[in-house]
Amino acid sequence: MPTSAKPSGAVVAKLRALALQEELENRLKRHHPDDLIPHLARRLANVLKEPRLMASWPPHFLAHAIAANCAFHRPCYRDAITDDRIRRLVNVYHQHPDPVPDYFLEQEQRIDLFLINTARQQFYLQHGEAQPDIARAILLFDESAYGKTLVNIRAHLGFGFSDWIKFLFILSAAVMRRPGMIIEPSYFHDMPPSILPASTIRALVSAISQSAPDVAAAYLKLRSTLQGLIFNLYVPSVFLKRPLFCMTDGHYVAVHKLFLRGLITGGLFDLAREHSPVTFGEEFGDAFERYTGSILAAIPEARVFTEKNLQKYTGKKVCDFAVVGDAYVLFVEAKGTEYRSLFASDGALRGDNSTTKLGEAVDQVTSTARLTRSGEFQELFGDTSGKKLIAGIVTFRHIYFANGDPYWTDFILPRVKTVDEVALGSLFAFRPQVFDIRSLEMHFGGSARWLPSFSFADKGREEHPLCSSED
């Protein structure tokens, strides 16, 4: 008697994803978001303070449940929140096998894609912004560099870059000190005009907050396709860009403290790209290149040459910077890019714009290195015949595992047009490395050295709890 065919990996993944979603819906429909979300937000904050709890209460489970609650709650239910019910909810995640690891490890046999997806699923929930990150936002998004973009941003949103940074700096500092993470509407209404006008505050609150119907619509849209369903637990939280949850009584919950502070830097990038993509692309590219140059200038006992310096000696393609040290020449191309695809599959990685940009960057540093070896920059660099040639590509956001062999071989190298891997190996001491601007700061001197004095009116500090001297 013939045996039935074994289901394909995609079919198995779909069935597992549907089983998880059905069980979650049965649990989450019984709890009103106004009750459950503050509880889960506090739990998430506690887990990040006590890493030993992460195995039992994984942050990505909690973040997912917060958004899914808005999508699945039914108005006829409002069960009380108890510790036992929360444990049963989180156990649903533990008890249902995640289809993605099995799919990549067993069906596709791609450990690289498994690792990339795991990093994208978990790391962003644990990354906090520190003083250098805030300093970078102030320097990188200096309004004087964004004349055209700011016209569009103010017209669409009602605030500028400096308003955004100031408001989120105050708000995130205050929320960090509040165990309940619930913000009364009066906090915004009572903010002194000396800090920000009332109309600007309203626009800012609107830009970073969302109600339960907003969250439900965004959550379901992201999971409306088969791929979205299978990658259910890997889709970034809908609260990442708008981390304030607006309760029905007008109060706000800071769903994840780190999301709020992360908006100071990443949020401006996302907003400007959305509302003024053409002008922002041009202006940010220039600003990012200048900022990268300021970090490279901190390298001790090295000379930094810009693209304009190099172009005086050749009409061929060159990179943004060449850093000449005693024993090396470092070629740097600044690409203010990020991985933008929602999922990290083989096809998505091949087609993502960041992959194209990385390939272009390799061509640029390679061209400059070849010109150096041919002696075109000898008058500028001096004798470099005995120096190692190395290269780096700086991105705005971290691109996970971009320096690994599979990422390089399968995704970046096919986008390189002017050189093959053998030629690269003979030219450079090691293949060009990809790292984000934060990593560059950590290696060569961070933006905190130039952190401006960020002060507010004394009156504001005294009269408003969000602007206290302690914050």
Side-chain angles (χ1 to χ4, degrees), residues 32-42 44-45 62-71 73 124-125 129 137 153-154 156-191 195-222 235-275 464-467 471:
H32 196 288
D34 285 1
D35 303 328
L36 184 60
I37 288 180
H39 185 101
L40 292 179
R42 289 192 294 270
L44 178 57
L62 297 172
H64 182 273
I66 290 172
N69 179 218
C70 295
H73 172 249
Y124 80 102
L125 289 160
E129 302 293 318
I153 294 298
R154 289 198 172 104
H156 283 94
L157 300 175
F159 53 82
F161 287 179
S162 61
D163 300 328
W164 175 273
I165 294 172
K166 182 186 294 186
F167 176 75
L168 283 167
F169 182 79
I170 297 169
L171 182 59
S172 63
V175 168
M176 287 289 180
R177 297 170 54 82
R178 295 178 63 78
M181 292 178 293
I182 294 180
I183 305 167
E184 293 80 6
S186 60
Y187 278 173
F188 301 118
H189 299 159
D190 297 342
M191 189 174 286
I195 296 177
L196 288 169
S199 60
T200 302
I201 294 172
R202 287 193 296 271
L204 286 161
V205 172
S206 177
I208 66 170
S209 64
Q210 50 189 328
S211 64
D214 297 330
V215 177
Y219 175 92
L220 294 173
K221 181 180 179 181
L222 291 171
V235 177
S237 172
V238 299
F239 287 103
L240 181 60
K241 297 180 180 179
R242 299 173 68 187
L244 288 189
F245 171 66
C246 183
M247 301 169 69
T248 53
D249 64 0
H251 287 66
Y252 297 90
V253 180
V255 168
H256 189 22
K257 295 177 180 181
L258 300 186
F259 285 176
L260 194 61
R261 183 160 253 178
L263 284 184
I264 297 176
T265 52
L268 271 180
F269 180 85
D270 295 328
L271 278 175
R273 187 179 59 190
E274 177 183 353
H275 294 282
H464 198 271
L466 291 184
C467 321
D471 295 335

(request) With side-chain contact (heavy atoms from CB on, under 4.5 Å) as the test, would you mind laying out the steps for I208 and L168 before giving the verdict? (result) CA-CA 10 Å; I208 66 170; L168 283 167; 4.1 Å; yes

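- The two residues C70 and A212 have their closest heavy-atom pair at CB-O, 3.6 Å.
- The aromatic ring centroids of Y252 and F188 lie less than 6.0 Å from each other.
- Between the side chain of D163 and the backbone N or O of G160, at least one donor-acceptor pair lies under 3.5 Å.
- Counting all heavy atoms, side chain and backbone alike, K257 lies closest to V175 at CE-O, 3.6 Å.
- In this structure the side chain of D214 never reaches within 4.5 angstrom of the side chain of V238, judged on heavy atoms.
- With rounding to the nearest 0.5 angstrom, the NE2 atom of H256 is 13.0 Å from the CZ atom of R261.
- Taking CG of L40 as the reference point, atom CG of D35 lies at 11.0 Å (rounded to 0.5 Å).
- Scanning all heavy atoms of the two residues, the minimum distance from Q210 to R242 falls at NE2-O, 2.9 Å.
- The CG atom of L62 lies 11.5 Å from the OG atom of S237; values are rounded to the nearest 0.5 Å.
- Between the side chain of H251 and the main chain of I182, no donor-acceptor pair closer than 3.5 Å is present.
- Y187 places no side-chain N or O within 3.5 Å of a backbone atom of L171 that could act as its donor or acceptor partner.
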(request) Under the side-chain hydrogen bond (donor to acceptor under 3.5 Å, both in side chains) rule, what do Y219 and H64 come out as? Steps first, then yes or no, please. (result) CA-CA 9 Å; Y219 175 92; H64 182 273; 3.1 Å; yes

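- Taking CZ from F159 and CG from L204, the interatomic distance works out to 5.0 Å, rounded to the nearest 0.5 Å.
- With rounding to the nearest 0.5 Å, the separation of CG in D34 from SG in C246 is 9.0 Å.
- Of all heavy-atom pairs between P33 and P38, the closest is O-CD, 3.6 Å.
- Nearest heavy atoms, A45 versus M181: CB-CE, 3.9 Å.
- None of V205, I264, I195 except one satisfies the side chain to side chain contact (heavy atoms under 4.5 Å, CB included) rule with F167; the exception is V205.
- Remark: T265 OG1 to W164 CH2 distance equals 10.5 Å, nearest 0.5 Å.
- In this structure, the side chains of V255 and I37 come closer than 4.5 Å at one or more pairs of heavy atoms.
- Nearest approach of A272 to I153, heavy atoms of both residues: CA-CD1, 3.7 Å.
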